[in-house]
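These notes concern the structure reproduced below.
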Amino acid sequence: MRGMFDSTRLNPAAIDRVKAIFMEAFNLSEDTLLSVAELRCHEPGCPPVETVVTARSGDGEVQNWRVHKPIKDIASDDVTALSRNS
């Protein structure tokens, strides 16, 4: 049985692509640390796969976003929609 964090190795290029999309969409500074995690949920009512992106800026501010898709399927439009809702 798989847990919340899938042990399958993710494609580093896909992660870098998602990071670049978030950096541009939210105009994040170069000193911002981005973490990208793909989570699986087996609870009723939650999406089967979601990607959580966390930004930690140099001044200590933390922002989190959730996209209900695997990392490999995230497109610029998905992130643009998040930036409009922020």
Residue list, side-chain contact (heavy atoms from CB on, under 4.5 Å) with E43, at least two apart or on another chain: C41, C46

For A55 against L28, the heavy-atom pair lying closest together: CB-CD1, 4.3 Å

For D77, side-chain hydrogen bond (donor to acceptor under 3.5 Å, both in side chains) partners two or more places apart: none

Spacing of F22 atom CZ and N27 atom CG [to the nearest 0.5 Å]: 14.5 Å

Pairing residues for A14 by the side-chain contact (heavy atoms from CB on, under 4.5 Å) criterion, not counting sequence neighbours: N11, I71

Listed once per pair and sorted, the salt bridge (charged side-chain N to carboxylate O under 4.0 Å, His left out) pairs that draw on residues 11-20, sequence neighbours left out: none

Listed partners of I74 passing side-chain contact (heavy atoms from CB on, under 4.5 Å), at least two apart: V18, T51, V67, K69, D78, V79

ILVMFWY network linking V49 to W65, side-chain heavy atoms under 4.5 angstrom: no

Closest heavy-atom pair and its distance - M23, S29: CE-O, 3.3 Å

Where at least one partner belongs to residues 44-65, residue pairs that pass salt bridge (charged side-chain N to carboxylate O under 4.0 Å, His left out), sequence neighbours excluded: E50-R66

For T54, all residues meeting side-chain hydrogen bond (donor to acceptor under 3.5 Å, both in side chains), sequence neighbours excluded: N64

